[in-house]
2 protein chains.
Amino acid sequence: MLLEDGILAIWIQLATLFVLCSPGSANASRNGSIGAVVPIPGLTHVDHLGITVPDLDQAREFFVDVLGCEYLYTLGPLRDDHGSWMREHLGVHERAVAPRLHFYRLGGQAVLEVFEYQAPDQRLDPPRNSDIGGHHLAFYVEDLDTAIADLRRRGLRVLGEPTASKGPHEGQRWVYFLSPWGLQCELVSYPHGKAFHRNPEAFA
Amino acid sequence: MLLEDGILAIWIQLATLFVLCSPGSANASRNGSIGAVVPIPGLTHVDHLGITVPDLDQAREFFVDVLGCEYLYTLGPLRDDHGSWMREHLGVHERAVAPRLHFYRLGGQAVLEVFEYQAPDQRLDPPRNSDIGGHHLAFYVEDLDTAIADLRRRGLRVLGEPTASKGPHEGQRWVYFLSPWGLQCELVSYPHGKAFHRNPEAFA
């Protein structure tokens, strides 16, 4: 796909988390829509995922040394000491400040945008998975048990023992773990694929 | 890359948000490490991003009809009415229940795992971008102004007017918007690339 799309597309893909399908046929078949689904025009892919952490240096150590991300560059500051730009454009307190933010590449395609914010109304406890806005980032590993042993050696908190999935995820084992500041993460592995991959129509 | 990695890799890539580089050379050059960075063994890519929403049907409408995602399948329920499995494995209240969850594909590679939870201690207000655990999902669009006009026609809240980026992001314009339940999203566009893409070393 990269080759077909040419040089410009390669630039774009370099900063791409994931690529959205043309929604036509795939959505018509799997989403059960009667009429045509017409999403935002020209929306081609997810560009990046932004997350806010308490300590940008601690986060860099985790993303690079533990997860294997590539640090790209620093942006910022984002601030408006007198006006309402921060509230109007980012939905945060007018006096909120993001002194700097880091971009990471995950492979040739993926970008994480990591913020450190100071804000008068900042909540310090990350959402639980069960909260609205709860979230987790799941990473594929070739050997789940080896990876879990590595996490434990690093002193990272692993939530319980691995679980074997069922249904469309039959063939997968997973376990959650936490970054040092409480970002919910997950390791998954399905070295022989998942049931859904072998027979998608069985789970439509 | 898909062809080189063979059939098994294609299965894996189908459920992939983004692909992690082999960390060796890239990290050594850009992360400024003196010693070798040794991340989790066998961690090859991000498999999916999980998020919790207040209403799975409302979320499906947004992800499919607005963003153009492909609905894949439903999982769940996740619950343990008498034991502590939910707390031990997912870090949530022991009586938390996720009755069902939806998986979406974003292009051939990307998976979003969308949860609806009921929990005695559930927080209902999503984190702000400035909160620890604040987050946003950014989508690439070919024409920012056309896409913004479309969002406004749908009645979705767009945060202010587009901003032109500087530094490594020179060439990009962006704007934030909200899903109906308050998920922070962003549209970005850089039809002629970003400064970083033309000269990465200038921003190392």
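Proteins get letters first, then strands, A, B, ... in listed order; numbering begins at 1 in each.
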Minimum heavy-atom distance B:R123-A:D131, with the two atoms named
N-OD1, 2.7 Å
Assert top hit (heavy-atom pairs under 4.5 Å, partner chain B, pool A:L90, A:T146, A:V97) equals A:L90
Part of A:E116 within contact of chain B (heavy atom distance under 4.5 Å)
neither
What pairs with A:E113 under side-chain hydrogen bond (donor to acceptor under 3.5 Å, both in side chains), at least two apart in sequence or on another chain?
A:H48, B:H136
Rounded to the nearest 0.5 Å, what's the gap from CZ on A:F103 to NE2 on B:H169? Could you check?
3.5 Å
I need the minimum non-hydrogen distance between A:F203 and B:Y73, along with the two atoms involved.
O-CB, 3.7 Å
Report yes if some heavy atom in the side chain of B:L43 is under 4.5 Å from a heavy atom in the side chain of A:L67; otherwise report no.
yes
Which atoms of A:T163 are under 4.5 Å from chain B, going by heavy atoms: the side chain, the backbone, both sets, or neither?
side chain
Kindly indicate whether the side chain of A:L137, heavy atoms from C-beta on, has any atom under 4.5 Å from the side chain of B:L49.
yes
Answer with side chain, backbone, both or neither: which region of B:L75 has an atom nearer than 4.5 Å to a non-hydrogen atom of chain A?
side chain
Can you tell me how far apart CZ (A:F196) and CZ (B:R105) are? Round to the nearest 0.5 Å.
5.0 Å
Given a strict heavy-atom distance threshold of 4.5 Å, which part of A:V188 is in contact with chain B: side chain, backbone, both, or neither?
side chain
What part of B:L178 is in contact with chain A, defined as an atom under 4.5 angstrom from a non-hydrogen atom: side chain, backbone, both or neither?
neither
Segment of A:L144 engaging chain B (4.5 angstrom heavy-atom cut-off):
neither
Which atoms of B:A119 come close to chain A, meaning under 4.5 Å heavy atom to heavy atom: side chain ones, backbone ones, both, or neither?
side chain
Side chain, backbone, both or neither: which part of A:R157 has an atom under 4.5 Å from a heavy atom of chain B?
neither
If you take all heavy atoms of A:T74 and B:P168, which pair is closest and at what distance?
O-CG, 4.3 Å
Quick one: pull up CG in B:N129 and NE2 in A:H89 and give me the separation to the nearest 0.5 Å.
13.5 Å
Which one of A:D125, A:V158, A:L187 has the most heavy-atom pairs closer than 4.5 Å to chain B?
A:D125
For the CG atom of B:L156 and the CD1 atom of A:I40, what is their distance to the nearest 0.5 Å?
7.5 Å
Under the side-chain hydrogen bond (donor to acceptor under 3.5 Å, both in side chains) test, residues paired with A:D121 that sit two or more places apart
none
I need the minimum non-hydrogen distance between A:P127 and B:P127, along with the two atoms involved.
CG-CG, 4.0 Å
Output the option from A:E88, A:K166, A:Q122 having the highest count of non-hydrogen pairs under 4.5 Å with chain B.
A:Q122
Looking only at B:R153, B:Q184, B:E186, the option with the highest number of non-hydrogen pairs under 4.5 Å against chain A is B:E186
Compare every heavy atom of A:D150 with every heavy atom of B:P41, then report the nearest pair and how far apart it is.
CD-CG, 3.4 Å
Run the side-chain contact (heavy atoms from CB on, under 4.5 Å) check on A:V53 and B:I132 step by step: do they pass?
CA-CA 5 Å; A:V53 303; B:I132 307 304; 5.8 Å; no
Does any backbone or side-chain atom of B:Q118 lie under 4.5 Å from a heavy atom of chain A? Answer side chain, backbone, both or neither.
neither
